[in-house]
Novice: 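The following block contains the structure, expressed as structure tokens.
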Amino acid sequence: MPVPWFLLSLALGRSPVVLSLERLVGPQDATHCSPGLSCRLWDSDILCLPGDIVPAPGPVLAPTHLQTELVLRCQKETDCDLCLRVAVHLAVHGHWEEPEDEEKFGGAADSGVEEPRNASLQAQVVLSFQAYPTARCVLLEVQVPAALVQFGQSVGSVVYDCFEAALGSEVRIWSYTQPRYEKELNHTQQLPALPWLNVSADGDNVHLVLNVSEEQHFGLSLYWNQVQGPPKPRWHKNLVWPLEPDSVRTNICPFREDPRAHQNLWQAARLQLLTLQSWLLDAPCSLPAEAALCWRAPGGDPCQPLVPPLSWENVTVDKVLEFPLLKGHPNLCVQQVNSSEKLQLQECLWADSLGPLKDDVLLLETRGPQDNRSLCALEPSGCTSLPSKASTRAARLGEYLLQDLQSGQCLQLWDDDLGALWACPMDKYIHKRWALVWLACLLFAAALSLILLLKKDHAKGWLRLLKQDVRSGAAARGRAALLLYSADDSGFERLVGALASALCQLPLRVAVDLWSRRELSAQGPVAWFHAQRRQTLQEGGVVVLLFSPGAVALCSEWLQDGVSGPGAHGPHDAFRASLSCVLPDFLQGRAPGSYVGACFDRLLHPDAVPALFRTVPVFTLPSQLPDFLGALQQPRAPRSGRLQERAEQVSRALQPALDSYFHPPGTPAPGRGVGPGAGPGAGDGT
């Protein structure tokens, strides 16, 4: 936004004095450096990823001081923007190590090869700039000739022009090298404010007073930024301008028509169930939307809207809404759409409290005049009238469904003068059909046994084929397992990846955030884990909590404070995000049978795991691999005689990763301890 000279004149005080600022001509960023140095600016911005501190291989350039200066960047003579120039002062840190050959034999290196200490130094310096609503990172390449390389001495500075800023804003600047050898420099600066603008607060009320003369023309933009906390009502009262017409005031909403902004907003929105009938939409901003109930049957079919007989309801953010339901059901979901009739949110709010989806049939009763009523069963192909001669499942069982409805075995979900909704269970009919199937299988098995007795020579071949079929069927129906861990370091992540890959060789369907980074970045850790956990538990799977010193520290922090404080964890650490959903299962006693704990030998003792999480089995790996794999099987599955063989298979696949983690190549055993403080690098001074 161009900065008028009027604003610059008032930035120093109430006396109208024009700021003397250097003017930069042109829209392009630029860089220059001290004499003797050479520097270059990358053509485009980079991602702001500092990374971990690594040991310096020798003398390196490191930022030692940040210096800022306000300048003007002008497109035209009167079209200027306020800009912040940043100067980074550099020095040489570190030293050359004497070559081992020279120390051992007392000789010098080949004089024909240039010694590295006589070479120039190069560095990639990153400048990170943050000032709401802007965040940028630029990369500067700097080269220092060998003549200026003096250990511990400053070699000069590199200057970047420039970061756009706004009067009165607070800017934060970080500087570090890539790769990062030292802790990054940081600098916070409050830009000059406008003395004729006074903002004060009285509780939740914010007062803004403008003190300008009648002859002065000005423009004012107000930004509402609410990052967290419950939304507050916003209202304003005109206490400045008279009621007669005055100059035009503009309300600018730059993101109102931006589809990407709307997509980000919907990704941050959540549906919350308050009671059986009440719920609300939690979102950072106001969203024009409508909502209706839909019925979701197991099997992956789309959720079918219940409109009619129910109707669409207008939705207001953070306002409690109610549906006229008599009973809740796990198959009932809320369908949220925006004003353009595009589906944005869909969540089965009652599934968490009432369990997974049920194989029930929803009956729609329509009432007409003179007590006339009709019934139809909701199916993926539409609503099938009952009774009917169609070939659908509901039509074949229509007579039994009507009998269940008359005998009161169906659950009434909604009722009014126009109709009603009923949920009728289908489990008993499925059991009857399967009973006939099993009876036929038993008869077939008896006949097959008789034939095999008559033909003993072929008995072994048939048994081998039957055994292979059973094994392949069990593998195809492997149990789902969600693996959660704390990303303590890159070595531990590789160890987790090796364990997940080894478990995939068994009849298990393993989900881990290492293999879903794209979905994790798009959805966010909380949403990704919530969806994975719900799907795993609905399918009768198991959630594996892989404890490490970092995971124990996070759990203890949650149990003490109820929230997770800031830590040095990456944006993909799903374990930190998962604690808000995992802890209620343990506190309410729902964890046994659905959760299993594990930790690695020599890294953590099971007694270090918080007592709340020891209400489920906690195994040490690889010493207790057979028991661990047995706990991952289906709850009612028989113990396989190959369990020990599978444990040995997993142990062999896991051993190289364990050796690499506890004994890195080229280094002695790190001597990791046991307990919450143990882990890579513990006690080595890094």
Side-chain angles (χ1 to χ4, degrees), residues 133 223-236 251-297 300-325 328-354 357 362 364 378 413-414 416 418 421 519 521-531 534-535 580-581:
Y223 296 89
W224 178 269
N225 176 27
Q226 181 172 325
V227 179
Q228 58 185 357
K232 299 179 176 60
R234 301 186 289 274
W235 60 274
H236 70 279
N251 182 21
I252 303 174
C253 299
F255 304 108
R256 176 174 294 172
E257 304 299 332
D258 188 348
R260 294 173 299 178
H262 283 266
Q263 182 180 3
N264 295 336
L265 188 57
W266 277 110
Q267 289 179 354
R270 293 292 180 270
L271 300 177
Q272 296 182 4
L273 181 65
L274 303 179
T275 64
L276 175 63
Q277 297 176 330
S278 60
W279 61 281
L280 60 81
L281 172 63
D282 183 13
C285 302
S286 177
L287 292 169
E290 293 181 330
L293 286 177
C294 63
W295 178 266
R296 184 176 181 180
D301 293 326
C303 197
Q304 297 176 275
L306 301 179
V307 180
L310 301 179
S311 60
W312 289 99
E313 299 288 342
N314 292 325
V315 177
T316 302
V317 173
D318 296 319
K319 180 180 179 182
V320 178
L321 302 173
E322 292 187 359
F323 281 114
L325 293 176
H329 195 280
N331 294 28
L332 283 175
C333 306
V334 176
Q335 231 178 5
Q336 189 86 23
V337 298
N338 62 4
S339 56
S340 60
E341 298 184 358
K342 181 181 179 181
L343 178 63
Q344 296 290 355
L345 284 178
Q346 180 178 292
E347 193 162 351
C348 301
L349 299 178
W350 292 271
D352 290 336
S353 58
L354 300 180
L357 300 178
L362 186 68
L364 278 66
L378 190 63
L413 305 178
W414 171 77
D416 73 351
L418 299 179
L421 295 176
E519 294 81 0
S521 300
Q523 302 176 14
V526 175
W528 181 86
F529 168 74
H530 180 72
R534 183 172 60 182
Q535 180 180 353
S580 59
C581 297

Novice: I'd like to know whether Leu280 forms a side chain to side chain contact (heavy atoms under 4.5 Å, CB included) with Leu321, so could you lay out the CA-CA distance, the side-chain angles of the two residues, the decisive distance to 0.1 Å, and finally the verdict.
Specialist: CA-CA 6 Å; Leu280 60 81; Leu321 302 173; over 6 Å; no
Novice: Can you confirm whether Gln304 sits close enough to Leu378 that some side-chain heavy atom of one is under 4.5 Å from a side-chain heavy atom of the other?
Specialist: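 Gln304 vs Leu378: side chains touch.
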Novice: Taking all non-hydrogen atoms of both residues into account, name the closest pair between Gln523 and Ala527 and its distance.
Specialist: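 Of all heavy-atom pairs spanning Gln523 and Ala527, the closest is O-CB, 3.5 Å.
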Novice: Side-chain contact test, heavy atoms from C-beta onward, threshold under 4.5 Å: evaluate it for Leu306 versus Leu332 and give yes or no.
Specialist: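 With C-beta onward as the side chain, the pair touches.
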Novice: Just how far is it from atom CG of Leu271 to atom CD of Gln346, taken to the nearest 0.5 Å?
Specialist: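 If I round to the nearest 0.5 Å, the distance is 10.0 Å.
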Novice: Could I get the full list of ring-ring contact (aromatic ring centres under 6.0 Å, His included) partners for His329, not counting sequence neighbours?
Specialist: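 Result, ring-ring contact (aromatic ring centres under 6.0 Å, His included) vs His329: Trp295.
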Novice: Which heavy atom in Val320 sits nearest to a heavy atom in Ser278, and how many Å separate them?
Specialist: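 Looking at all heavy atoms of both residues, the closest pair is CG1-CB, 3.7 Å.
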Novice: Mind checking whether Asn331 and Leu362 have side chains closer than 4.5 Å, heavy atoms only?
Specialist: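 SC-SC contact between Asn331 and Leu362 ruled out.
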Novice: Closest heavy-atom contact between Val315 and Ala291?
Specialist: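 What the structure gives for the nearest pair is CG2-CB, 3.5 Å.
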Novice: Strictly under 2.5 Å separating the two SG atoms? Check that for Cys333 and Cys348, please.
Specialist: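 Judged by the SG atoms alone, which are under 2.5 Å apart, Cys348 and Cys333 are bridged.
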Novice: Please report the C-alpha distance between Glu347 and Arg534 in whole Å, then the side-chain angles of each, then the deciding distance to 0.1 Å, and finally whether the side chain to side chain contact (heavy atoms under 4.5 Å, CB included) criterion is met.
Specialist: CA-CA 11 Å; Glu347 193 162 351; Arg534 183 172 60 182; 3.8 Å; yes
Novice: What is the minimum heavy-atom distance between Ser311 and Ala292, and which atoms define it?
Specialist: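 In terms of heavy atoms, the two residues are closest at O-CB, 4.2 Å.
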Novice: Within this structure, what is the CH2-CG distance for the pair Trp266 and Leu343, rounded to the nearest 0.5 Å?
Specialist: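 Nearest 0.5 Å value for the CH2-CG distance: 9.5 Å.
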Novice: Identify the two heavy atoms, one from Ala269 and one from Leu281, that lie closest to each other, and give their separation to 0.1 Å.
Specialist: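 Of all heavy-atom pairs spanning Ala269 and Leu281, the closest is CB-CD1, 4.0 Å.
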